[in-house]
Colleague: 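This is the structure I want to talk about, given as structure tokens.
Just follow the structure's listing: the first ligand is 1, and inside any ligand the first atom is 1.
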Amino acid sequence: MEAEELRNRGLRACLKADSVVLEIGFGRAEAPIEMARAFPDRVFLGVEVSRKRVHRAGRRVARAGIQNLRLIHATAEYLLERVLPDDCVSECWINFPDPWPKKRHHRRRLIRPDVVGQLARVLEPEALLHVSTDHPDYAEWIAEVMATAFDFVSLHDGRWASTRPARPETAYEAEFLAEGRTIAYFDYRRKKAAPLPGTPPEAAR
Ligand SMILES: C[S@@+](CC[C@H](N)C(=O)[O-])C[C@H]1O[C@@H](n2cnc3c(N)ncnc32)[C@H](O)[C@@H]1O
């Protein structure tokens with residue numbers, strides 16, 4: 001599915017859902033495919049910038065007869081800024097975003113304040129955000145960016161966990177683990193919006 005279609009027709013009309021589980025940069029899509037199979041009552045949306053990967057994964061989804069997973073060819077930035085409405089994502093997975101290790105490329109990193117701000121907008125109150133990386137410098141960077149993202153609260157006492165949250169292993173993860181790399185798993189909850197002064201507690205989201 002092209003992002004334009006979702007933008008023009010709206011999430012509800014395209015996906016027949018008010019709320020979705022979003023996976024950003026799904027690569028070979030094994031994680032969203034397996035999760036869509038395991039949770040037939042939830043609607044999954046994957047966004048991936050590589051057209052080839054979207055087409056390949058789309059063929060796999062069609063062959064498997066999976067109805068509750070839609071794949072979009074777009075950048076995550078475009079989807080977040082221009083397509084998705086407020087409060088429409090109940091959980092978001094960003095598994096191994098490209099680390100862009102060279103300093104001059106750091107501004108291309110997906111976890112950056114403007115993107116995190118958009119994530120806060122599209123995630124429902126109390127929705128979950130999961131990010132993972134094998135790259136030590138990117139892990140430090142993510143921890144720093146998220147430390148100033150006041151809409152999110154970490155689910156870990158330390159800055160990240162070393163065990164995978166409940167989701168299938170991804171292709172990149174399998175490779176990194178086989179190489180003996182350590183992985184940083186970040187898990188956050190979207191805070192409820194702060195009530196306006198004078199709002200009765202039951203009216204605050
Ligand atoms: C390192 S791979 C990880 C793939 C998969 N999540 C996994 O763990 O196996 C990063 C993926 O993110 C995609 N990607 C990179 N930048 C993106 C962006 N701005 N929006 C959407 N996808 C992006 C890449 O095409 C690639 O498939």
Side-chain angles (χ1 to χ4, degrees), residues 1-7 11 20-38 44-61 66 69-84 88-89 91-102 104-123 128-139 141-142 145 160-188:
M1 180 194 277
E2 293 294 328
E4 286 309 317
E5 187 188 347
L6 186 58
R7 186 178 178 197
L11 190 75
V20 296
V21 178
L22 176 65
E23 176 147 347
I24 291 177
F26 55 73
R28 291 181 220 161
E30 53 287 278
I33 287 175
E34 212 175 300
M35 287 199 288
R37 271 207 193 102
F44 293 78
L45 178 65
V47 62
E48 168 59 59
V49 73
S50 157
R51 186 179 288 275
K52 201 157 79 179
R53 287 183 168 173
V54 175
H55 284 158
R56 278 196 191 143
R59 285 197 292 272
R60 241 176 277 144
V61 170
I66 294 168
L69 168 61
R70 301 302 294 268
L71 304 178
I72 302 245
H73 173 236
T75 65
E77 292 88 334
Y78 182 83
L79 185 80
L80 293 170
E81 278 167 32
R82 310 286 293 277
V83 178
L84 293 181
C88 70
V89 175
E91 190 162 12
C92 177
W93 296 91
I94 309 179
N95 302 317
F96 306 97
D98 293 328
W100 294 107
K102 290 184 183 153
R104 69 174 186 280
H105 292 153
H106 283 181
R107 64 197 161 81
R108 297 185 191 172
R109 286 176 165 176
L110 189 63
I111 305 301
R112 54 180 199 262
D114 61 315
V115 174
V116 173
Q118 286 296 329
L119 284 167
R121 182 184 67 74
V122 303
L123 282 162
L128 299 175
L129 170 65
H130 312 274
V131 185
S132 49
T133 185
D134 67 303
H135 195 273
D137 177 61
Y138 200 11
W141 168 286
I142 294 168
V145 171
W160 59 74
S162 52
T163 48
R164 183 170 70 229
R167 66 152 170 76
E169 190 174 79
T170 76
Y172 275 77
E173 190 169 36
E175 284 176 26
F176 297 147
L177 289 172
E179 289 167 12
R181 296 200 212 174
T182 305
I183 294 176
Y185 297 97
F186 297 84
D187 302 281
Y188 300 91

Colleague: When rounded to the nearest 0.5 angstrom, what is the spacing between CD1 in Ile111 and OH in Tyr138?
Modeller: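 One finds 5.0 Å between CD1 of Ile111 and OH of Tyr138.
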Colleague: Considering only non-hydrogen protein atoms, determine which one is nearest to atom 1 (C) of ligand 1 and report residue, atom name and distance to 0.1 Å.
Modeller: Phe96 O, 3.0 Å
Colleague: What's the spacing between His130 NE2 and Arg167 CZ if we round to 0.5 Å?
Modeller: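 Here the rounded value is 9.0 Å.
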Colleague: Side-chain contact test, heavy atoms from C-beta onward, threshold under 4.5 Å: evaluate it for Arg70 versus Val20 and give yes or no.
Modeller: no
Colleague: Give the residue, atom name and distance (to 0.1 Å) of the protein heavy atom nearest atom 14 (N) of ligand 1.
Modeller: Val49 CG1, 3.6 Å
Colleague: Taking the side chain as every heavy atom from C-beta outward, state whether Pro168 and Glu30 have any pair of such atoms under 4.5 Å apart.
Modeller: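 No - every pair of side-chain heavy atoms lies 4.5 Å or more apart.
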Colleague: How about Trp141 and Pro99: do any of their side-chain heavy atoms sit closer than 4.5 Å?
Modeller: no
Colleague: Does Arg107 have any side chain to side chain contact (heavy atoms under 4.5 Å, CB included) partners at least two apart in sequence or in another chain, and if so, which?
Modeller: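 Listed in chain order: nothing, the list is empty.
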Colleague: Taking the side chain as C-beta and beyond, is there a heavy-atom pair between Val145 and Val131 under 4.5 Å?
Modeller: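 Sidechains of Val131 and Val145: no contact.
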Colleague: Counting non-hydrogen protein atoms only, what is the nearest one to atom 12 (O) of ligand 1? Give residue, atom name and distance.
Modeller: Gly25 CA, 3.4 Å
Colleague: Is Thr170 in polar range of ligand 1, meaning some N or O pair under 3.5 Å apart?
Modeller: yes
Colleague: Side chain, backbone, both or neither: which part of Arg53 has a heavy atom under 4.0 Å from ligand 1?
Modeller: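 Answer for Arg53: side chain.
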Colleague: Which atoms of ligand 1 have any heavy atom of Ala76 under 4.0 Å away?
Modeller: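 In order of number, 18 (C), 19 (N), 20 (N), 21 (C).
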Colleague: What atoms of ligand 1 come within less than 4.0 Å of a heavy atom belonging to Thr75?
Modeller: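 Ligand 1 atoms under the 4.0 Å threshold to Thr75: 20 (N).
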Colleague: Give me the nearest non-hydrogen protein atom to atom 15 (C) of ligand 1 as residue plus atom name, then the distance to 0.1 Å.
Modeller: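 The closest one turns out to be Asp98 OD2, 3.2 Å.
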Colleague: Counting only heavy atoms, tell me which of Glu48, Glu169, Glu173 gets closest to atom 24 (C) of ligand 1.
Modeller: Glu48
Colleague: Are any of the N/O atoms in Glu23 less than 3.5 Å from those in ligand 1?
Modeller: no
Colleague: What protein heavy atom sits nearest atom 19 (N) of ligand 1, and how far off is it?
Modeller: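 Protein heavy atom at minimum distance: Glu77 OE1, 2.9 Å.
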Colleague: Take atom CZ in Arg82; do more than 12 heavy atoms of anything else shown fall under 6.0 Å from it?
Modeller: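 Atom CZ in Arg82 is not crowded, with 12 or fewer foreign heavy atoms closer than 6.0 Å.
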Colleague: Do any heavy atoms of Ala171 fall under 4.0 Å from ligand 1?
Modeller: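 It does, in that a heavy atom of Ala171 comes within the 4.0 Å cut-off of ligand 1.
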